[in-house]
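Contents: one structure, followed by commentary.
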Amino acid sequence: MSKRIAYYAYGSPDVLRAEDERPGAPGPGQVRLRQEMIGVNPVDWKMVAGYFRQTDRAPFPHVPGWASAGIIEQVGPRVAGLSVGDAVIAGAHGGAYREQLVIDARLVVPRPEAVSIEQAAALPSSAVAGYSLVQNLRITDEDTLLVHGAAGSVGAATVQIALDQGARVIGTASARNHNYLRSLGAIPVLYGDALASALRRLGPITASADAVGGRESVDATRAVLVEGGRAVTAWGDEHSRAADIPWVRHPDDELEQTVAIAARGALTVRIGETFPLESAADALELSHTGHPAGKILLAP
Ligand SMILES: NC(=O)c1ccc[n+]([C@@H]2O[C@H](COP(=O)([O-])OP(=O)(O)OC[C@H]3O[C@@H](n4cnc5c(N)ncnc54)[C@H](OP(=O)(O)O)[C@@H]3O)[C@@H](O)[C@H]2O)c1
């Protein structure tokens, strides 16, 4: 038997239950992983809370989880290029909070030796969103990019990938994260009432990537972006819609490309707290605060 974290009704993280399951054999086009580390993302508590209940029509129980690193232990029919024993990174569409994961082989990429197990589990969902934000904005060395929520997993990946493209990067964060942003090479700015005036003092801003959402960051973007500037958000809501700021689009190769950037050392995720898989509810409570000190992981 093998452990999974499941929920049978929407609610706060305490609806999560650790339970046993008998892992199935991978079907055509699938592989089965022995999971080594699982990444926690805000989408996990949002799914548990029922944010996506209109589109998420699968019957209960549901298993959260969009990110993990593991070893292939079984390969189903009609899978090319993956073998038993391969170390891989999996960008699941839900279902990753378990010891053994059966997954579509197209959602799995090899883990390069230069990418640790912890970094690997931290890349899908959040760092890949950072990659896609930078791609959607077509950032170049002529840009000054504003990143809202620059100290989070999405924001910090956006910062690093944009710096790697040669851009000047300004990032919003609380004061305790300003040294972290400086260490990445970004210019830190405090969010809050004085945000737009602080940004204006830093010169023309040609692009904005929002990894927070909400009225404050949308208003600041509108106030400071140059004429013809580009903006995109990782969390579309009524404020971004009213301002015509599109929700990030995801290129098919976003996981491969993000892993390649990490493997050449241009992207490192700040790792926060690691919880045992059975304590997934505590991990989601911490994610729900909106202020974790780095990527939260679950150790199966
Ligand atoms: N569309 C997609 O593909 C996609 C993928 C992944 C994530 N997302 C979304 O992107 C958002 C961020 O995810 P994440 O993984 O980066 O979360 P995270 O790691 O939990 O980081 C959240 C960050 O937001 C910052 N923050 C909180 N309130 C803020 C404010 N008012 N202004 C500026 N920064 C603020 C926090 O910094 P301080 O502690 O310094 O305040 C924290 O570092 C979530 O809404 C998530 O659902 C979307």
Side-chain angles (χ1 to χ4, degrees), residues 13 38-49 51-52 55 64-67 91-94 96 121-137 146-161 170-184 186 188-196 198-199 208-221 232-237 239-241 245-252 254-255 258 267 269-273 283-297:
I38 299 160
V40 173
N41 289 283
V43 66
D44 301 343
W45 65 257
K46 289 177 182 179
M47 292 201 81
V48 174
Y51 279 40
F52 305 103
T55 47
W66 287 57
H93 294 163
L123 292 174
S125 181
S126 50
V128 296
Y131 169 81
S132 296
L133 287 166
V134 173
Q135 289 304 307
N136 286 191
L137 290 169
L146 166 63
V147 180
H148 294 283
S153 293
V154 174
T158 309
V159 165
Q160 292 173 75
I161 295 168
I170 299 167
T172 73
S174 61
R176 73 185 177 121
N177 280 317
H178 283 197
N179 279 341
Y180 170 57
L181 293 189
R182 281 189 201 98
S183 76
L184 297 179
V189 176
L190 204 58
Y191 56 80
D193 291 342
L195 177 57
L199 291 171
S208 168
D210 190 347
V212 181
R215 179 191 297 278
E216 184 183 291
S217 51
V218 169
D219 284 353
T221 295
V232 65
T233 184
W235 185 246
D237 57 18
H239 306 291
S240 54
R241 278 193 294 278
I245 297 175
W247 202 321
V248 63
R249 285 170 291 100
H250 296 275
D252 287 343
E254 63 177 357
L255 183 55
T258 308
L267 167 64
V269 181
R270 180 171 59 154
I271 303 297
E273 209 167 327
L284 286 205
E285 290 288 3
L286 176 57
S287 175
H288 192 206
T289 65
H291 304 279
K295 170 60 69 184
I296 305 163
L297 298 173

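Whatever order the structure lists ligands and atoms in, that order sets their numbers, starting from 1. Starting from 1, each residue takes its place in the sequence as its number.
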key: Ring geometry between H288 and W45 (parallel below 30°, tilted from 30 to 60°, perpendicular above 60°)   = tilted

inquiry  = Which protein residues come within less than 4.0 angstrom of ligand 1, counting heavy atoms only?
reply    = P42, K46, S125, S126, A129, G149, A151, G152, S153, V154, T172, A173, S174, R176, N177, Y191, A211, V212, A234, W235, W247, V248, H250, G290, H291, P292

request  = Carefully, step by step, assess T221 and H148 under the rule side chain to side chain donor-acceptor pair (under 3.5 Å).
outcome  = CA-CA 9 Å; T221 295; H148 294 283; 2.8 Å; yes

Set of side-chain hydrogen bond (donor to acceptor under 3.5 Å, both in side chains) partners for R215, sequence neighbours left out = none

Any residue meeting ring-ring contact (aromatic ring centres under 6.0 Å, His included) with H178, in chain and number order, not counting sequence neighbours = none

task = Using the test ring-ring contact (aromatic ring centres under 6.0 Å, His included), find all partners of F52 that sit at least two apart in sequence or belong to another chain.
result = none

task = Can you spot which of L284, I38, V40 makes a side chain to side chain contact (heavy atoms under 4.5 Å, CB included) with I296?
result = V40

